[in-house]
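In each ligand, atom 1 is the first atom listed, and ligand 1 is the first ligand listed. Computed from a predicted model, the values in this text were never measured in an experiment.
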Amino acid sequence: MLGHILVVISSVGLALAVPGARVLADRQAPAANKIVLANDDGWAVANIRAQFDALTEAGYDVVLSAPAENQSGKGSDSETPSVLTSECEYNTCPVGSPATGCNATSPNLCYVNAYPADAATYGISTFAPKLLGSAPDFVVSGPNVGSNIGLSAFFSGTIGAASASSLAGIPAAAFSADFGDQVSYTTLSNTSSPNTQAALLYSQLTVKFLNVLLASPAPGPILPSGVALDINYPAYSSACSTVDAFTWVLTRIFWDPFVDDVETCGSDHLPLESDVLGANGSCQISVSMFNPSDKLDASAAQQAVVLGKISSILSCAA
Ligand SMILES: *[C@@H]1O[C@H](CO)[C@@H](O)[C@H](O)[C@H]1NC(C)=O
Ligand SMILES: *[C@@H]1O[C@H](CO)[C@@H](O)[C@H](O)[C@H]1NC(C)=O
Ligand SMILES: *[C@@H]1O[C@H](CO)[C@@H](O)[C@H](O)[C@H]1NC(C)=O
Ligand SMILES: *[C@@H]1O[C@H](CO)[C@@H](O)[C@H](O)[C@H]1NC(C)=O
């Protein structure tokens, strides 16, 4: 009966009443540390809440801005946010709640009753200026429940939210995980649930990646314009259960033997996501670079810029 205790507010102005109160202890995050956190599974699933907590704990300044409902598979669809005609996901807000709102006691947890792309762009344009004091430095979308490889790029709302963010001028990455079920964030209190364990692990992997990308000594913007990232985590398993067990491999989304990729690992053809993720037990994470307008692979020149940014975390495919 969460709907009875959650009072949503349509204006987020209240959060500014005590500006000095949002002191972040033990900040390790890079200087670019304002994050909008989006997804397509909905604002109340375990994965996105675990990610919110992990980023906040690592010193990032985060606002969660995600759909009020499960919006999986909605790609880059867009609509105007509307008043809730059914309860929010897992009954986290009642019918009739405003089109956008935030948790009254944790005001940086917000929903938008529209598609994933809309929730991300509303977070950029409205929640971030009010709750973080400016536009965000970066948008994290996910981690999605379920992988998004190959053709999924066209249908994934996780990738749709990252694409819309990138097209709105904010660098963005979609994260997807080949594990688990869409479960409520209340599951996170059950530490023996594999969904909880996986959500916590993936959230730490995302923090590790952001710490590298956002603090990269390579010059230039966080990502080249016209490029977003599509990152896929393999399944959580006994072999792949700690952050250090994983390696990060540069990949491409679509098979194309006629195009040259950036030269790395002794080749000018990047492996496919499916090759890297299909190497069972290898704990390899695929990192693809794509054009947010058409979801196709980035050019070799764009790949080279990304490679320069994150080379310290990359490995060659096993
Ligand atoms: C979320 O939506 C997707 C796409 O419609 C569907 O496949 C999935 O089962 C839904 N998840 C839940 C928990 O209802
Ligand atoms: C709202 O925030 C409170 C306090 O952090 C928490 O107990 C509650 O579960 C949250 N509800 C939702 C739907 O986010
Ligand atoms: C916690 O998760 C475990 C593993 O999924 C499950 O067996 C158990 O029933 C859950 N406990 C509660 C209190 O839901
Ligand atoms: C991957 O390895 C695990 C553990 O060895 C095994 O249970 C699973 O069936 C394998 N999956 C595939 C797709 O080969």
Based purely on interatomic distance, does Thr105 place a nitrogen or oxygen under 3.5 Å from a nitrogen or oxygen of ligand 2?
yes
Can you name the atoms of ligand 3, numbered from 1 with element, that are less than 4.0 Å from a heavy atom of Ser193?
2 (O), 4 (C), 5 (O)
Are any side-chain N or O atoms of Thr158 and backbone N or O atoms of Asn39, one a donor and one an acceptor, separated by less than 3.5 Å?
no
Between Arg49 and ligand 2, find which residue part has any heavy-atom pair under 4.0 Å and reply side chain, backbone, both or neither.
side chain
Is it true that a side-chain atom of Gln204 and a backbone atom of Leu201 form a donor plus acceptor pair closer than 3.5 Å?
no
Taking the six-membered ring for Trp, is the centroid-to-centroid distance between Phe127 and Tyr122 below 6.0 Å?
yes
Quick one: does Tyr185 get within less than 4.0 Å of ligand 2, heavy atoms only?
yes
So, do Glu87 and Thr92 sit near enough that their side-chain heavy atoms are less than 4.5 Å apart?
no
So CD of Glu273 and OG of Ser176: to nearest 0.5 Å the spacing works out to 9.0 Å
Nearest to atom 5 (O) of ligand 3, what protein heavy atom do you find, and at what distance?
Pro194 CD, 3.7 Å
Report the nearest protein non-hydrogen atom to atom 10 (C) of ligand 3: residue, atom name, distance rounded to 0.1 Å.
Asn190 ND2, 2.3 Å
Identify the closest protein heavy atom to atom 4 (C) of ligand 3: which residue and atom is it, and at what distance?
Ser192 O, 3.7 Å
side-chain contact (heavy atoms from CB on, under 4.5 Å) evaluation trace for Phe290 with Arg252:
CA-CA 8 Å; Phe290 69 97; Arg252 62 165 28 251; over 6 Å; no
Does an N or O from Trp43, backbone or side chain, lie closer than 3.5 Å to an N or O of ligand 2?
no
Closest non-hydrogen protein atom to atom 2 (O) of ligand 1, residue and atom name please, with distance?
Asn70 ND2, 2.3 Å
Smallest heavy-atom separation, Ile170 atom then Pro136 atom, equals CD1-O, 3.5 Å
For Ser72, take its heavy atoms, then give the atoms of ligand 1 lying under 4.0 Å from any of them.
2 (O), 3 (C), 4 (C)
